[in-house]
Every structure is written in structure tokens, then in C-alpha cells.
Amino acid sequence: MKNTGSDRFLWGVGTSAFQIEGQIDNDITQWERQGRFRRGVFDPTVGDATDHWRRWEGDFKLLKRLGVNSYRFSIEWARLEPEPGRFDETAFDQYSRMIDRLLEYDITPMLTLHHFTHPTWFHGSCPWHKPESIDAFRRFVANVSARLLDRVPLVVTINEPLVWLLAGYADAKFPPGLKDLNLLMQALYNMLEAHREAYDVIKASHPSTRIGIAHNFIVFKRARLNHFIDRHLKPLIHRFYNMMIPEAFEQDRLQYTFPLVLSFDRAIKLRDKIDFWGINFYYRLHVRFRFNLERPFEMLFIPRSGEGTSDLGWEIYPKGLRKVCKWLKFTGKPLYVTENGIAAEDDSLRVDFIKKHLAMLAKAVDDGYPVHGYYHWSFLDNYEWLEGTRARFGLYHTDYSNDCARSLKPSGSLYREYIKERLSSGQNPSQFTKS
Ligand code: IFM
């Protein structure tokens, strides 16, 4: 039976396939082999991750022990479609068993279809800036929908489209390794078209499935409070990074102009092609103008909030979580916090981070923002892209030197107790603030 999870607040944790599974051959491992991904030095941890593909049954017991009633995870396109149009039934079977097990444990699955990675054939034959990418994604989604989505009530089509596009099309840090903002906008346009196609394909067979996008949000602030250009820069960057995509769904138009740098304006049919917005929120950034036509500004972490910084230097800014809910009010859509977490070797930082962000979440719910779930990033320490395994985001510790053994951190215990209390009191979000 399809557990829609619609009647209960969802307390979960999140992961993505490539960051935890291991035994994957995709565009990232291909790049790594070519010495292009991280500092040109081969990192053996790429592709091994946390060995979840082999240990998933044990890991799901850990989820159960954590007490979550939902789990957000992604499936690996490269594993499922290793050659264009050829699908691997064994891999589908395993994902299918994983979904069944979650349902047996009464854990609502939230499935992400695209989380940064691609099959090795993708960028060569149908990169996102070409329209063929839309067909390729539709074919993949149609197969996933037929085999897996009858039991999945919540689907995220694309995780953080802009984060991935900036890495792949502006900074050349991810494949396809380009630096071209016009191509970036074209690729974004195609990704949004692909989202719409996926939406229609899934709804045709599973009309009650709720489908969204997990968008990364950053609170921007001007670096110099009395600087005229910084003041004008901030809203331009805010609109590009935070609002351009949600607005495209309301206006049926993907439009953005940054004077002298970028201008894009094209109609796109997106209205009513999304059921919820996923909020991925981590930090605040300061923006500063500089005289450089190629990149006329820089982004800085300045620890002004007084809440400290993560191991990656990210400025902790709990108030931002509520701000983002406010920004999305105009969409009228349900919201899920699909990612929120901190890279911290010192787990007491995570304890503090969780307390403050959950308090802010409670405030947002009490203020009437339609938040229906919270997923802490991440379930366990994992492979953090350009940072490798050094950035530890997990509620469970992964001991890479001891066969990836897992152990619950104090922050994990805190989260477990917090959600246990809420779930036992009827899961009503208005009871958030009663402790
Ligand atoms: O680990 C990533 C995840 O893959 C996407 N969102 C941000 C996380 C932390 O950087």
C-alpha cells in the first residue's frame, strides 16, 4: 500500500546515492580517473563512498533506530542505465527492495531522481545544454516510474539545479567542465523542461504522487553596509540564486538579467507543474562588488551572526530558515526542508546547529508557513564532493579506517529524542514549540 505520508509531519534524514553507495561508475568517477575532479590527484575514496550499496539493510535498521518517519535518498542514473536505453534490472530490483523495506518500517520514502551525477555517456551525447537531454531524462524517468514509483509518495525530480549548473557550467568544477553563463541558462531551461516532462510522465501513472524540486537557498547580505554598489548587487544575486527558478513556475517564463553580464528571457510552461518546494538551507553569504567584468563580485563568509562557522567556513545563520519560507510564500505550495545540516568534526557544533534550526522551524510553522517535513543532512558521514570525506555532515559517524563502521553521534541522539517526543504527541506541527 502506498503510504502517502500526507497526514503526518515528516521527520527524516537525507542522503544521495553517489555520496553513500559506492561501486558506481559515473561522470564523476570518470573525471576522477582523468585527474580532473579533485586537485588532479586520484582520490581512492571517490566511488567507494560509505559502502551503502552492500550494507543497506543494516543502514535501514539504523534509520529505524533513529526513529525517523521518512527518508530522502536518490537513485543512481548511471547504475540504472549504464548504456543509453539499456536498463539494469538487478539494480532496479535492489532499489525496489529498499523501498519495500522502508515501507515495512513505516518510513515514507522521498526519492530524488537527479542528484548531481550522470551516466558516463551523458555529457558526450546529450549534455544539458542540448535538447536531447530532455528526451534522455524522460526515458530514464519513465522507466523509474514504471518500476519504482508505485510505492513512492514524494519525488524530487532534481536536486539543487543551480548548484550543479554553477559547478558544471560556470566554474568547471564538475563535468562537463564549462565556463559559459549563456550555456548555463540554456542548460537550466532544458532541466526545467525535463522536470515538466518528468512531472507529466509520473502523474500519468501515479496521480497522487507529489513532485517537487529541492532548491538550494542562500541568504545574501552586502559585505559593506554603506557601499552603494554592494547594495544594488545583493538583490541581483538573490534573484538569480534564490528566486529565478520558483518565479519561473509562477510566471511561465525563465527570465534573468545581470547588466553587461547575462540576459535570458524565454517562455516555459511550468505553471502547476510542481506540488511542493524542497528547501535546502545551510548558510549566509556576503557579496562584494569588484572591478572585474568576468566576475564582477565576490562571495565571502563573514561570521557576523555570532552563531559561528562550520568546518567549511560556512556562516551559521538559523534565522535564514524562516526567511526562506517567507520568500516562498508567493508560490502557495507546501514546503519541505529537504536538507539542513553542518560539516563539523566537533559534534557539539552540530548539536547546537540542530537545536537552533529546529527552533526556527518551529517558529516558521507557528507563523503559518506550510512546512510539512524536515530532513537533516545527513544520515551518516559521507562523500562530500570536492571536499572528499573530510567534511562530516552525519548524525552517524562513519569510520573510514575501520570498514566504514557506523556509530551514532550525540547529535543523532538529540535528533532521535526530539522527533520521538513530537511523534508520540501526535505529530501536530503546532506542538513544535511546546518544549
Ligand atoms: O552534500 C551536499 C548535497 O549533495 C547537496 N546539498 C548540499 C550538501 C552539503 O554540501
Side-chain angles (χ1 to χ4, degrees), residues 12-22 24 26-29 31-32 37-38 43 45-50 52 71-78 110-118 156-168 171 173-175 191 212-219 241-242 245 277-285 299 301 309-317 320-321 324 336-345 349-350 353-354 357 373-398 400 411:
V13 285
T15 59
S16 86
F18 186 64
Q19 292 178 269
I20 63 168
E21 286 181 359
I24 291 171
N26 63 15
D27 58 340
I28 301 277
T29 53
W31 252 46
E32 179 67 24
F37 188 45
R38 288 208 322 143
D43 177 352
T45 62
V46 174
D48 284 349
T50 71
H52 173 75
Y71 175 50
R72 175 176 177 233
F73 65 110
S74 75
I75 49 177
E76 182 67 32
W77 187 355
M110 177 187 272
L111 189 87
T112 305
L113 299 169
H114 181 280
H115 193 123
F116 293 180
T117 57
H118 302 84
V156 170
T157 53
I158 303 175
N159 179 71
E160 300 182 348
L162 264 187
V163 172
W164 181 80
L165 285 164
L166 286 166
D171 294 334
K173 285 183 176 160
F174 274 18
M191 276 188 144
I213 287 178
H215 190 33
N216 185 283
F217 291 90
I218 296 176
V219 174
Y241 196 86
N242 295 317
I245 294 179
W277 282 100
I279 297 173
N280 292 4
F281 176 71
Y282 290 88
Y283 54 74
R284 178 168 75 168
L285 261 181
M299 305 277 196
F301 289 113
T309 55
S310 79
D311 288 358
L312 299 176
W314 299 357
E315 187 198 16
I316 300 167
Y317 188 64
L321 194 54
V324 177
Y336 289 85
V337 178
T338 34
E339 288 184 26
N340 176 236
I342 177 173
E345 185 78 47
L349 291 181
R350 189 172 359 266
F353 182 99
I354 291 177
H357 284 80
Y374 173 91
Y375 295 78
H376 191 76
W377 186 272
S378 181
F379 170 34
L380 72 168
D381 294 336
N382 57 48
Y383 180 74
E384 174 60 19
W385 310 110
L386 299 172
E387 307 298 333
T389 49
R390 85 179 172 102
R392 292 187 175 271
F393 277 91
L395 295 177
Y396 278 91
H397 179 265
T398 303
Y400 295 104
S411 56

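Order of listing sets the numbers, starting from 1, for every ligand and every atom in it.
- The closest side-chain donor-acceptor pair between Y282 and N216, if any, does not fall under 3.5 angstrom.
- Side chains of T309 and Y283: no donor on one and acceptor on the other come within 3.5 Å.
- In this structure, F281 and H357 have tilted ring planes: the angle between them lies in the 30° to 60° band.
- Between the choices Y282, Y383, W385, the shortest heavy-atom distance to atom 8 (C) of ligand 1 belongs to Y282.
- What sits closest to atom 7 (C) of ligand 1 on the protein, heavy atoms only, is E339 OE1, 3.2 Å.
- Any N or O atom pair closer than 3.5 Å counts here, and H115 shares at least one such pair with ligand 1.
- Heavy atoms only, all atoms of each residue included: E339 and N159 are closest at OE2-OD1, 3.3 Å.
- The nearest heavy-atom contact from the protein to atom 9 (C) of ligand 1 is E384 OE2, 3.4 Å.
- Residue contacts with ligand 1: Q19 is placed with a nitrogen or oxygen under 3.5 Å of a nitrogen or oxygen of the ligand (distance criterion only).
- Under a 3.5 Å cut-off, the side chain of W164 and the backbone N or O of F116 do form a donor-acceptor pair.
- Looking at W377 next to ligand 1, an N or O pair under 3.5 Å apart turns up.
- A side chain to side chain contact (heavy atoms under 4.5 Å, CB included) with L395 is found for exactly one of D381, L380, I354, namely I354.
- At least one heavy atom of W314 sits closer than 4.0 Å to an atom of ligand 1.
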